[in-house]
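All residue numbers refer to positions in the sequence shown, counting from 1.
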Amino acid sequence: MIILENNDLKVKINEDGAELTSVWHKQAELEYIWVGDPKYWGRHASNLFPIVGRLRGDQFKVAGETYFMNQHGFARNTTFDVIDQSDNHAIFRIHDTDSTHRVYPFKFQLDISYELTSDNELKIAYIVTNTDTEESLFFSVGGHPAFNLPMDGGKFSDYYVSIEPEKIYDRIRLTGPYSNPNTPTPFNANIPLRLRQEDYHDDAIILRLDRQKTSFLLARLANQHGLRMTVDNAQFLGIWTPAGKEAPFIALEPWWGIADTVDSTGNFKEKFGVNVLAAGDTFNGTYSLHFF
């Protein structure tokens, strides 16, 4: 377990999956990150790579070959190497191996960076490098951080998510586990989203961000403690809690990619939302969490 710390916060990150498992406010004695109770959802803040969401039939094709991969990819179940560490910064790394080539036929390096600032902001970066000298890299990547609700009193429905910029966003609906981007519905972010368990019976609320900087304030009306997620360049943001479980958490998920569409052909290079990285190039997807 890797620990980052400043005067107010103590942050824990597990080498398994490079997963953020705790952000503890020392003065308030408050835990922000979902505790991972398997009764509801047994993870804390999964990192998703090289896919986000589900593939149709849990499979895809590259160059005529069929590969099988479970939801959200393999990174969350892989132990990362810690390649750099200080009191307030750590970088975790995985890369392609013979084992990954059996399920994902690309060369890659994935670094996940965490930096805790003095003003209680945790900066997270997904740094993907195409280590191939000839072929392009096709991938998706994303975060799945979940937060305890209630945080400092009240109940789940006392909390809201306020989005900036305030505007009408395209909401991408899911049909089963698959996305339906051709028929988006309007999502009005001119007013805060009051959190209600019943709004997630059809899975996550997915907003199309189109790589525009967007912030999400999670708090309650009393507003003593909460957090602000700022997403710098993601394609999508998912808001999720498991349906029908009355789970005491909400996830805010920045995604650079999305589940297969309902009409996906399975051709990975034509996958909706996939990122393409030329040989030798590097991708940088970033977001931050400010805790108060």
Side-chain angles (χ1 to χ4, degrees), residues 1-26 31-34 36 43-52 72-101 104 106-133 137 139-146 213 227-234 252-257 275 277-291:
M1 191 71 70
I2 302 301
I3 295 176
L4 311 180
E5 195 163 4
N6 65 15
N7 289 335
D8 299 317
L9 300 178
K10 184 175 184 179
V11 174
K12 295 182 180 179
I13 308 158
N14 195 332
E15 293 96 327
D16 293 339
E19 183 176 17
L20 177 66
T21 60
S22 175
V23 176
W24 175 254
H25 194 296
K26 291 182 279 190
E31 176 60 66
Y32 291 95
I33 301 299
W34 165 239
R43 300 179 187 264
H44 308 271
S46 300
N47 292 305
L48 319 179
F49 178 88
I51 60 171
V52 170
H72 293 324
F74 53 74
R76 62 181 182 164
N77 298 318
T78 302
T79 300
F80 283 63
D81 294 323
V82 180
I83 64 164
D84 188 34
Q85 182 185 359
S86 68
D87 290 343
N88 58 11
H89 184 228
I91 301 176
F92 300 78
R93 174 175 292 173
I94 59 171
H95 56 79
D96 64 288
T97 63
D98 289 342
S99 178
T100 67
H101 291 165
Y104 181 63
F106 297 98
K107 295 181 179 180
F108 71 90
Q109 177 179 286
L110 170 63
D111 289 349
I112 302 178
S113 170
Y114 294 89
E115 180 185 358
L116 180 62
T117 70
S118 59
D119 61 351
N120 296 339
E121 184 177 36
L122 183 64
K123 298 179 178 181
I124 299 109
Y126 297 107
I127 306 160
V128 182
T129 302
N130 183 357
T131 55
D132 203 303
T133 58
L137 171 62
F139 70 96
S140 298
V141 68
H144 199 307
K213 188 173 183 177
L227 63 94
R228 182 184 296 275
M229 172 184 284
T230 301
V231 182
D232 294 313
N233 56 359
L252 303 177
E253 309 175 33
W255 298 338
W256 293 260
N275 300 279
L277 199 57
D281 282 358
T282 296
F283 162 97
N284 200 319
T286 59
Y287 75 98
S288 63
L289 297 167
H290 179 254
F291 300 95

Name every donor-acceptor pair, under 3.5 Å, that has one atom in a side chain of residues 280-289 and the other anywhere in the protein, sequence neighbours excluded.
from   : atom 1 : to     : atom 2 : distance (Å)
Thr282 : OG1    : Thr129 : OG1    : 3.3
Thr286 : OG1    : Asp232 : OD2    : 2.8
Ser288 : OG     : Glu121 : OE2    : 2.9

Practice task
Without swapping roles, check the side chain of Ser46 against the backbone of Leu48 for a donor-acceptor pair under 3.5 Å.
Solution key: no
Handout entry: Donor-acceptor contact present, side-chain Asp81 to main-chain Ile83, <3.5 Å
Key = no
Completion exercise
By ring pair (Phe, Tyr, Trp, His ring centres under 6.0 Å), His290 pairs with (sequence neighbours left out) none
Can you tell me how far [atom2] of [Y] sits from [atom1] of [X], rounded to the nearest 0.5 angstrom?
X	Y	atom1	atom2	answer
Ser86	Ile91	OG	CD1	9.0 Å
Thr78	Arg93	OG1	CZ	15.0 Å
Lys107	Asp96	NZ	CG	7.0 Å
Trp24	Tyr32	CH2	OH	10.5 Å
Asn120	His25	CG	NE2	6.0 Å
Ile124	Ser113	CD1	OG	9.0 Å

For [X], I'd like to know if atom [atom1] has over 12 heavy atoms of other residues, nucleotides or ligands within 6.0 Å.
X	atom1	answer
Asp119	CG	yes
His95	NE2	no
Lys213	NZ	no

Does [X] reach the side chain of [Y], with side-chain heavy atoms less than 4.5 Å apart?
X	Y	result
His44	Leu20	no
Asp132	Phe106	no
Trp34	Pro145	no
Phe108	Asn130	no

Exercise for the section: Under the side-chain contact (heavy atoms from CB on, under 4.5 Å) rule, what do His72 and His144 come out as? Steps first, then yes or no, please. Expected result: CA-CA 10 Å; His72 293 324; His144 199 307; 4.0 Å; yes
If I compare all heavy atoms of [X] with all of [Y], which pair ends up nearest, and what's the gap?
X	Y	result
His89	Leu4	N-CD2, 3.5 Å
Val52	Gly142	CG2-N, 4.1 Å
Thr131	Gln109	CG2-CB, 4.0 Å
Met229	Leu252	CE-O, 3.2 Å
Trp255	Ala234	O-CB, 3.5 Å
Gly143	Glu253	O-CB, 3.2 Å

Practice task
Name all residues meeting the salt bridge (Lys or Arg N to Asp or Glu O under 4.0 Å) criterion together with Glu15; count only those two or more places apart in sequence or in a different chain, and write none if there are none.
Solution key: none
Exercise for the section: Would you sort out whether Ser22 and Glu31 count as a side-chain contact (heavy atoms from CB on, under 4.5 Å), showing the intermediate values? Expected result: CA-CA 7 Å; Ser22 175; Glu31 176 60 66; 2.5 Å; yes
Practice task
Using the six-membered ring wherever Trp is involved, compare the ring planes of Tyr126 and Trp256 and label them parallel, tilted or perpendicular (cut-offs 30° and 60°).
Solution key: perpendicular
Handout entry: Verdict with supporting geometry, Arg76 and Glu19, side-chain contact (heavy atoms from CB on, under 4.5 Å)
Key = CA-CA 7 Å; Arg76 62 181 182 164; Glu19 183 176 17; over 6 Å; no
Handout entry: Audit row: Tyr114, Phe92, side-chain contact (heavy atoms from CB on, under 4.5 Å) steps and yes/no
Key = CA-CA 9 Å; Tyr114 294 89; Phe92 300 78; 3.7 Å; yes
Completion exercise
Per side-chain contact (heavy atoms from CB on, under 4.5 Å), Ile112 is matched among Ile13, Asn47, Ile127 by Asn47
